[in-house]
Amino acid sequence: MNFFKAGTMSAPLLEAPAQVWADLFAHLRTQGAGVRESGAFLLGHKSESRRVMTRFLPYEQLQADALHNDYVTLSAASFSKLWEFCRSEGVAVVADVHTHRFGPGQSRSDRANPMIAIKGHVALIVPQFAQGNVCLQDLGLYVYQGEHRWIAFSGSDVSQLVRLS
Ligand SMILES: [Zn+2]
(Lines give C-alpha, C1' and ligand atoms only; values in the text may rest on other atoms or scores of the structure.)
Protein backbone atom coordinates (compact mmCIF):
# COMPACT_ATOMS: atom_id res chain seq x y z
CA MET A 1 0.00 0.00 0.00
CA ASN A 2 1.26 3.44 -0.87
CA PHE A 3 0.63 5.40 2.30
CA PHE A 4 0.96 8.74 0.55
CA LYS A 5 -1.28 7.94 -2.38
CA ALA A 6 -3.43 10.98 -2.97
CA GLY A 7 -7.15 10.39 -2.79
CA THR A 8 -6.91 7.74 -0.10
CA MET A 9 -5.49 10.11 2.49
CA SER A 10 -7.57 10.93 5.50
CA ALA A 11 -5.31 13.74 6.71
CA PRO A 12 -2.95 16.23 5.07
CA LEU A 13 0.77 15.64 5.29
CA LEU A 14 1.59 19.23 6.19
CA GLU A 15 -0.52 21.89 7.88
CA ALA A 16 0.23 25.59 8.28
CA PRO A 17 -1.56 28.77 9.31
CA ALA A 18 -2.38 30.65 6.12
CA GLN A 19 -0.73 33.83 7.43
CA VAL A 20 2.58 32.12 8.27
CA TRP A 21 2.49 30.44 4.86
CA ALA A 22 1.89 33.81 3.17
CA ASP A 23 4.74 35.37 5.18
CA LEU A 24 7.04 32.53 4.13
CA PHE A 25 6.31 33.01 0.45
CA ALA A 26 6.64 36.78 0.73
CA HIS A 27 10.05 36.22 2.31
CA LEU A 28 11.18 33.78 -0.39
CA ARG A 29 10.01 36.19 -3.08
CA THR A 30 11.79 39.19 -1.55
CA GLN A 31 14.96 37.35 -0.59
CA GLY A 32 15.40 35.82 -4.04
CA ALA A 33 14.48 39.11 -5.74
CA GLY A 34 13.65 37.21 -8.91
CA VAL A 35 17.32 36.47 -9.55
CA ARG A 36 18.49 33.80 -7.09
CA GLU A 37 17.29 30.83 -5.08
CA SER A 38 16.09 31.28 -1.53
CA GLY A 39 14.99 28.82 1.09
CA ALA A 40 13.93 28.14 4.63
CA PHE A 41 13.25 25.45 7.16
CA LEU A 42 9.62 25.05 8.17
CA LEU A 43 9.51 24.59 11.92
CA GLY A 44 6.79 23.38 14.21
CA HIS A 45 5.57 20.09 15.59
CA LYS A 46 5.38 16.67 14.08
CA SER A 47 4.12 13.26 14.92
CA GLU A 48 4.15 10.16 12.76
CA SER A 49 1.10 11.25 10.81
CA ARG A 50 0.99 15.00 11.25
CA ARG A 51 3.32 17.92 10.54
CA VAL A 52 2.22 21.35 11.66
CA MET A 53 4.31 24.36 10.69
CA THR A 54 4.14 27.26 13.13
CA ARG A 55 7.09 29.37 11.95
CA PHE A 56 10.00 29.34 9.54
CA LEU A 57 13.72 29.97 9.65
CA PRO A 58 15.25 31.42 6.46
CA TYR A 59 18.55 29.86 5.41
CA GLU A 60 20.36 33.20 5.35
CA GLN A 61 19.62 33.63 9.05
CA LEU A 62 21.65 30.48 9.66
CA GLN A 63 24.40 31.33 7.22
CA ALA A 64 24.93 34.71 5.59
CA ASP A 65 26.31 33.25 2.36
CA ALA A 66 23.81 30.38 2.07
CA LEU A 67 22.37 31.94 -1.08
CA HIS A 68 25.48 33.31 -2.74
CA ASN A 69 25.96 30.29 -4.98
CA ASP A 70 23.48 29.63 -7.72
CA TYR A 71 22.00 27.05 -5.40
CA VAL A 72 21.52 26.75 -1.65
CA THR A 73 24.19 25.18 0.54
CA LEU A 74 24.43 25.04 4.32
CA SER A 75 27.53 24.17 6.31
CA ALA A 76 27.74 21.79 9.26
CA ALA A 77 28.00 24.84 11.53
CA SER A 78 24.69 26.11 10.16
CA PHE A 79 23.04 22.81 11.01
CA SER A 80 24.43 23.07 14.54
CA LYS A 81 22.79 26.50 14.77
CA LEU A 82 19.55 25.03 13.46
CA TRP A 83 19.49 22.25 16.08
CA GLU A 84 20.35 24.73 18.83
CA PHE A 85 17.53 27.00 17.68
CA CYS A 86 15.06 24.08 17.63
CA ARG A 87 16.12 23.01 21.11
CA SER A 88 15.80 26.47 22.61
CA GLU A 89 12.48 27.21 20.90
CA GLY A 90 11.02 23.73 21.43
CA VAL A 91 10.29 23.15 17.75
CA ALA A 92 11.21 20.54 15.16
CA VAL A 93 11.92 20.74 11.44
CA VAL A 94 8.72 19.72 9.68
CA ALA A 95 9.87 20.45 6.11
CA ASP A 96 12.22 22.53 4.01
CA VAL A 97 11.50 24.76 1.07
CA HIS A 98 13.57 26.40 -1.63
CA THR A 99 12.92 28.17 -4.88
CA HIS A 100 14.01 27.38 -8.41
CA ARG A 101 14.35 29.71 -11.37
CA PHE A 102 12.12 27.54 -13.54
CA GLY A 103 9.99 24.56 -12.65
CA PRO A 104 9.36 22.77 -9.34
CA GLY A 105 11.25 19.59 -10.27
CA GLN A 106 14.15 18.35 -8.14
CA SER A 107 17.66 18.90 -9.44
CA ARG A 108 20.16 16.06 -9.34
CA SER A 109 21.72 17.79 -6.33
CA ASP A 110 18.33 18.10 -4.57
CA ARG A 111 17.78 14.36 -4.95
CA ALA A 112 21.27 13.44 -3.83
CA ASN A 113 21.48 15.84 -0.89
CA PRO A 114 18.35 15.96 1.26
CA MET A 115 18.54 18.85 3.74
CA ILE A 116 17.42 16.42 6.43
CA ALA A 117 18.28 12.85 5.53
CA ILE A 118 15.53 11.22 7.56
CA LYS A 119 12.89 8.99 6.03
CA GLY A 120 9.64 10.91 5.78
CA HIS A 121 11.31 14.33 5.54
CA VAL A 122 9.30 16.69 3.34
CA ALA A 123 10.96 19.03 0.83
CA LEU A 124 9.08 21.66 -1.15
CA ILE A 125 10.24 23.38 -4.31
CA VAL A 126 8.74 26.67 -5.47
CA PRO A 127 9.02 27.57 -9.18
CA GLN A 128 9.85 31.00 -10.71
CA PHE A 129 11.81 32.13 -7.63
CA ALA A 130 8.39 32.42 -5.89
CA GLN A 131 7.58 35.50 -8.00
CA GLY A 132 3.95 36.28 -8.70
CA ASN A 133 1.03 34.41 -7.24
CA VAL A 134 2.17 30.92 -6.27
CA CYS A 135 -0.59 28.37 -5.65
CA LEU A 136 -0.19 25.08 -3.86
CA GLN A 137 -0.59 23.15 -7.10
CA ASP A 138 2.41 25.01 -8.57
CA LEU A 139 4.74 23.45 -6.00
CA GLY A 140 6.72 20.26 -6.05
CA LEU A 141 6.43 18.19 -2.86
CA TYR A 142 8.95 15.44 -2.17
CA VAL A 143 8.95 12.90 0.65
CA TYR A 144 12.32 11.36 1.43
CA GLN A 145 12.45 7.58 1.46
CA GLY A 146 16.12 7.09 2.36
CA GLU A 147 18.97 6.05 0.10
CA HIS A 148 18.46 9.08 -2.17
CA ARG A 149 14.98 7.97 -3.14
CA TRP A 150 11.97 10.25 -2.96
CA ILE A 151 8.25 10.11 -3.61
CA ALA A 152 7.30 13.09 -5.78
CA PHE A 153 3.99 14.95 -5.87
CA SER A 154 2.85 17.80 -8.07
CA GLY A 155 -0.30 19.57 -9.18
CA SER A 156 -3.54 18.85 -7.37
CA ASP A 157 -1.86 16.16 -5.22
CA VAL A 158 0.08 18.93 -3.48
CA SER A 159 -3.06 20.91 -2.69
CA GLN A 160 -4.44 17.77 -1.06
CA LEU A 161 -1.28 17.14 0.95
CA VAL A 162 -0.92 20.69 2.29
CA ARG A 163 -3.69 22.26 4.37
CA LEU A 164 -3.68 25.96 5.16
CA SER A 165 -5.86 27.05 8.07
ZN1 LIG B 1 16.82 22.74 -5.90
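None of these values were measured; they are calculated from a predicted model. Just follow the structure's listing: the first ligand is 1, and inside any ligand the first atom is 1.
Atom CG of residue Asp65 and atom OH of residue Tyr59 lie 14.5 Å apart, to the nearest 0.5 angstrom.
Applying the salt bridge (charged side-chain N to carboxylate O under 4.0 Å, His left out) test to Arg149 and every residue at least two apart in sequence or in another chain returns Glu147. With sequence neighbours excluded, no residue satisfies salt bridge (charged side-chain N to carboxylate O under 4.0 Å, His left out) with Arg101.
Between the side chains of Asp96 and His121, at least one donor N or O sits under 3.5 Å from an acceptor N or O. Under the 3.5 Å distance criterion, with hydrogens and angles disregarded, a donor-acceptor pair is assigned to the side chains of Ser78 and Gln63.
Protein-derived N/O/S atoms nearer than 2.8 Å to the Zn ion (ligand 1) total 4, waters excluded.
Side-chain contacts under 4.5 Å among hydrophobic residues (ILVMFWY), followed directly or transitively, place Val52 with no other residue at all.
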